[in-house]
**Q** 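I'd like to ask some things about the structure below.
Every heavy atom of this structure was used, including side-chain atoms; hydrogens, water molecules and symmetry mates were not. Remember, it's 1-based here, ligands and their atoms both numbered in the order they're listed.
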Amino acid sequence: MKRILTGDRTTGKLHLGHYVGSLQNRVRLQDEYDTFIILADVQALTTHFEKPELINKGIYDAAIDNLSVGLDPDKVTIFLQSKISAIAELTIFYSMMVSVNSLRHNPTIKTEAKQYGYGDLSYGFLGYPVSQTADITFCNADLVPVGEDQLPHIELGRKIVRRFNDLYGNGRIIINEPEALISDTPRLVGLDGNAKMGKSLNNAIYLSDSKEIVKAKVKSAVTDKNRISVKDKGNPDICTVSKYHKAFNGGDYENICEMCRNADIGCVSCKNLLSEKINLLIEPFREKRAYYEENIEKVREIIIEGSKKANIIGNKTVENVKNAMSIDI
Ligand code: TRP
Ligand code: SF4
């Protein structure tokens, strides 16, 4: 079986953007691939090191979000990044093989640097694509299902792996070169029309939102602002709600756009249709979530067991790596 490695920073609840970008693919592929889900608590520190109180809750949030959408703990390995010593070790080795400039040019780092300022950007933050490469390669993953924003990291990771194999492989592959799997659903925009759905932007629908909250949030979504009365013809191309219909109500998407253009549907009904669809999707997640929230000790066990398994695999990889690098006696 080929292997998947993917996961989430443990900085809070996951939202529908995460679902269409990555979670959906994880669930779909868990039977075909040996799937590893990383709860990236060390990576969470890149932005949250001053808020340790948020990290522990974030670990459980991310674990439960993953379990609630249908990842089966009997099939997949869910583990905690900070428990895997191989990840820390590989991060150090890989960091020798990557230039500061290539890290500075990483678009995600650039964007984040803009948001938080270059002056305050930490060594750890700058290097997070390096530690992410360690996350992916400690278990020699083949495939990495992620949102498109993660692509530059994976590309950088592939470069590091090639460099490593060239330098130390002696014609052999020591570390597997991973490949990204990008969702074919386009990135989900925020409810406010912002290109990104995100917690800090306050424009997200969470997998843990109740039926009523989903309804209220959809109601608040930005539509075609020129459409003032139901009689006005609308333009779905500039409407947030239509983009959500495309993602969650695919079969009816064309039809809804046409009705909008002809003023055959009002925004209120259009939004009601959408929240029904989203709630239909999330409803089974809510049941699973309730189960895990009531059995939090079980969630803990899943993470501990997963981390044990990941460590066995990681230790073997580090042994091979050290061997190849001749830093063993
Ligand atoms: N950076 C990813 C995100 O923000 C989370 C992550 C950490 C990850 N390590 C990973 C994703 C390894 C894929 C593979 O969503
Ligand atoms: Fe948007 Fe629907 Fe209103 Fe058209 S009818 S503007 S798609 S909410």
Side-chain angles (χ1 to χ4, degrees), residues 3-12 14-15 17-18 21-23 25-26 35-48 58 62 65-66 79-82 84 87 91 106 108-109 112 125 128-139 141 143-154 156-157 178-182 191 193 196 198-199 218-246 249 252-275:
R3 191 165 279 167
I4 276 178
L5 182 297
T6 187
D8 313 281
R9 278 154 43 93
T10 55
T11 50
L14 303 181
H15 51 61
H18 293 114
S22 179
L23 294 173
N25 270 334
R26 298 175 197 178
T35 299
F36 282 69
I37 304 294
I38 186 167
L39 305 169
D41 59 341
V42 179
Q43 193 179 94
L45 295 177
T46 56
T47 51
H48 286 59
D65 278 332
N66 272 283
F79 68 95
L80 191 60
Q81 186 186 25
S82 61
I84 313 305
I87 293 179
T91 301
N106 180 295
T108 309
I109 299 288
E112 298 277 346
F125 196 142
Y128 102 65
V130 181
S131 82
Q132 190 156 320
T133 305
D135 297 345
I136 295 167
T137 56
F138 89 89
C139 65
L143 202 63
V144 191
V146 279
E148 58 187 344
D149 60 310
Q150 298 292 311
L151 250 187
H153 307 326
I154 315 286
L156 190 73
E179 224 174 286
L181 175 75
I182 304 297
L191 291 163
K196 200 174 163 188
K199 187 167 51 172
V218 170
K219 220 180 207 171
S220 78
V222 171
T223 57
D224 170 5
K225 287 202 185 79
N226 300 319
R227 195 173 185 210
I228 293 154
S229 124
V230 198
K231 288 179 217 117
D232 298 336
K233 293 186 172 181
N235 179 2
D237 296 341
I238 55 167
C239 174
T240 311
V241 177
S242 83
K243 295 193 176 86
Y244 280 58
H245 272 293
K246 190 166 187 178
N249 191 13
D252 269 349
Y253 171 68
E254 298 291 342
N255 189 22
I256 282 168
C257 289
E258 178 146 344
M259 289 201 290
C260 169
R261 286 201 177 90
N262 297 327
D264 285 338
I265 188 172
C267 293
V268 174
S269 327
C270 185
K271 285 177 165 177
N272 281 339
L273 284 175
L274 176 66
S275 36

**Q** Only one of I4, I182, I136, D135 forms a side-chain contact (heavy atoms from CB on, under 4.5 Å) with V144, so which one is it?
**A**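 Going through I4, I182, I136, D135 one by one, the side-chain contact (heavy atoms from CB on, under 4.5 Å) with V144 is satisfied by I136 alone.
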**Q** Suppose I only count heavy atoms of V146 and a 4.0 Å limit; which atoms of ligand 1 are within that range?
**A**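 Reading through ligand 1 atom by atom, the close ones are 11 (C), 13 (C).
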**Q** Nearest to atom 12 (C) of ligand 1 by heavy atom, H153, Q150, Q132: which?
**A**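 Looking at heavy atoms only, the winner is Q132.
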**Q** Using modelled atom types and a 3.5 Å cut-off, is there a donor and acceptor pairing between side-chain atoms of K246 and backbone atoms of Y253?
**A**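 No; judged by distance alone, with no hydrogens or angles, the pair does not exist.
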**Q** Closer than 3.5 angstrom, by distance alone: can the side chain of T240 be matched with the main-chain N or O of A221 as a donor-acceptor pair?
**A**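 A pair under 3.5 Å: no.
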**Q** Using modelled atom types and a 3.5 Å cut-off, is there a donor and acceptor pairing between side-chain atoms of Q81 and backbone atoms of Q43?
**A**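 Yes; at least one donor-acceptor contact below 3.5 Å.
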**Q** List ligand 1 atoms under 4.0 Å from V144, heavy atoms only on the residue side.
**A**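 Result: 13 (C), 14 (C).
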**Q** When you compare the side chains of H245 and D252, does any donor N or O come within less than 3.5 Å of an acceptor on the partner?
**A**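 No, because no side-chain N or O of H245 sits under 3.5 Å from a partner of the opposite role on D252.
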**Q** Could you check whether any side-chain N or O of D65 sits under 3.5 Å from a backbone N or O of L14, counting only pairs where one atom can act as donor and the other as acceptor?
**A**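 At least one qualifying donor-acceptor pair exists.
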**Q** Where does D135 meet ligand 1, judged by heavy-atom distances below 4.0 Å: at the side chain, the backbone, both, or neither?
**A**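 Side chain only.
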**Q** Enumerate the atoms of ligand 1 whose separation from the nearest heavy atom of L5 is less than 4.0 angstrom.
**A**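 Within the 4.0 Å cut-off of L5, ligand 1 contributes 12 (C), 14 (C).
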**Q** Numbering the atoms of ligand 1 from 1, which are under 4.0 Å from a heavy atom of A40?
**A**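 Per the distance check, 7 (C).
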**Q** Taking I238's backbone N and O only, do any of them form a donor-acceptor pair with S242's side chain (distance below 3.5 Å, no angle check)?
**A**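 Absent.
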**Q** Keeping N25 on the side-chain end and S22 on the backbone end, is there a donor-acceptor pair under 3.5 Å?
**A**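 A pair under 3.5 Å: no.
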**Q** According to side-chain hydrogen bond (donor to acceptor under 3.5 Å, both in side chains), who are the partners of T137, at least two apart in sequence or on a separate chain?
**A**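 side-chain hydrogen bond (donor to acceptor under 3.5 Å, both in side chains) check on T137 returns Y94.
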**Q** Between D224 and K233, is there a salt bridge with N-O shorter than 4.0 Å?
**A**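 No, this pair does not count.
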**Q** Check ligand 1 against T6 and write out every atom of the ligand that is under 4.0 Å from a heavy-atom position of the residue.
**A**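 Result: 13 (C), 14 (C).
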**Q** Give me the residue, atom name and distance of the protein heavy atom closest to atom 11 (C) of ligand 1.
**A**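 I find the closest protein heavy atom is G7 O, 3.6 Å.
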**Q** Quick one: nearest non-hydrogen protein atom to atom 4 (O) of ligand 1, plus distance?
**A**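 Nearest neighbour among protein heavy atoms for atom 4 (O) of ligand 1, to 0.1 Å: R9 CD, 3.3 Å.
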**Q** Distances under 2.8 Å only: what protein N/O/S atoms are near atom 1 (Fe) of ligand 2, ordered by chain and residue?
**A**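 Result, waters dropped: C239 SG.
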**Q** Using only atom types and a distance under 3.5 Å, with no angle test, would you say the side chain of R3 pairs donor to acceptor with the backbone of C139?
**A**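 Here the side-chain-to-backbone pair exists.
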**Q** Once you restrict to heavy atoms under 4.0 Å, what part of Q43 touches ligand 1? Side chain, backbone, both or neither.
**A**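 For Q43, the contact with ligand 1 is made by the side chain alone.
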